[in-house]
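Computed over heavy atoms, backbone and side chain alike; hydrogens, waters and symmetry mates excluded.
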Amino acid sequence: MQDFSLFAAIKLALVIAVSGGLLVLFQPLLRGCARAAVLVVKPKLSKEERLQRRQMRDSMLLKRMLNRSECDPSHAAELRAMASRA
């Protein structure tokens with residue numbers, strides 16, 4: 001290594017300590033900024049949109065279960081009843 005003095009080492013340690021302290025101090029602010037940036041890229045769905053997606057997923061699952069060949073008639077009737085309610 002080149003000319004690395006004790007003063008330079010102390011200065012480097014102080015800069016690292018101050019940087020770490022600022023990160024700890026402003027961690028909630030930085031986390032909030034990161035969450036806001038994520039929401040800009042991928043916005044949250046509204047309650048109605050989430051409900052519609054869940055209902056669509058459930059109805060598709062019921063249709064897949066109905067279309068399976070190993071499903072006996074009693075289960076098929078029960079699944080049809082559940083699908084009509086969904």
Side-chain angles (χ1 to χ4, degrees):
M1 290 191 353
Q2 291 182 344
D3 185 36
F4 194 71
S5 66
L6 180 62
F7 179 71
I10 292 173
K11 186 177 177 183
L12 180 64
L14 186 62
V15 166
I16 290 173
V18 168
S19 299
L22 287 175
L23 274 173
V24 169
L25 182 66
F26 292 110
Q27 185 178 9
L29 177 66
L30 296 172
R31 189 179 295 144
C33 290
R35 285 184 182 175
V38 168
L39 285 176
V40 165
V41 175
K42 184 181 175 190
K44 281 180 115 177
L45 297 176
S46 67
K47 282 188 176 182
E48 293 82 19
E49 289 171 330
R50 287 186 303 223
L51 177 65
Q52 287 175 350
R53 280 196 176 183
R54 186 172 57 240
Q55 287 175 343
M56 180 63 75
R57 189 176 54 240
D58 292 346
S59 66
M60 294 299 288
L61 175 69
L62 286 172
K63 284 182 184 179
R64 276 197 310 269
M65 290 171 72
L66 278 172
N67 292 334
R68 285 193 325 198
S69 62
E70 68 243 13
C71 192
D72 63 22
S74 64
H75 285 126
E78 185 176 345
L79 287 172
R80 282 191 194 95
M82 287 172 58
S84 68
R85 284 182 258 146

Arg53 atom CZ, neighbour heavy-atom count above 12 within 6.0 Å
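No, because the 6.0 Å sphere around CZ of Arg53 holds 12 heavy atoms or fewer from other groups.
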
Linking I/L/V/M/F/W/Y whenever any side-chain heavy atoms sit under 4.5 Å apart, do Leu25 and Val18 land together?
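Yes, because Leu25 and Val18 connect within a single hydrophobic cluster, where side-chain heavy atoms sit under 4.5 Å apart.
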
Report the residue from Leu23, Val15, Leu22, Ile16 that forms a side chain to side chain contact (heavy atoms under 4.5 Å, CB included) with Ser19.
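Single side chain to side chain contact (heavy atoms under 4.5 Å, CB included) partner of Ser19 among Leu23, Val15, Leu22, Ile16: Val15.
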
Gln52 CD to Ser46 OG distance, which is reported to the nearest 0.5 Å
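Here the rounded value is 7.5 Å.
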
Can you give me the closest heavy-atom contact between Leu39 and Lys44, atom names plus distance?
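Looking at all heavy atoms of both residues, the closest pair is CD2-CG, 3.7 Å.
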
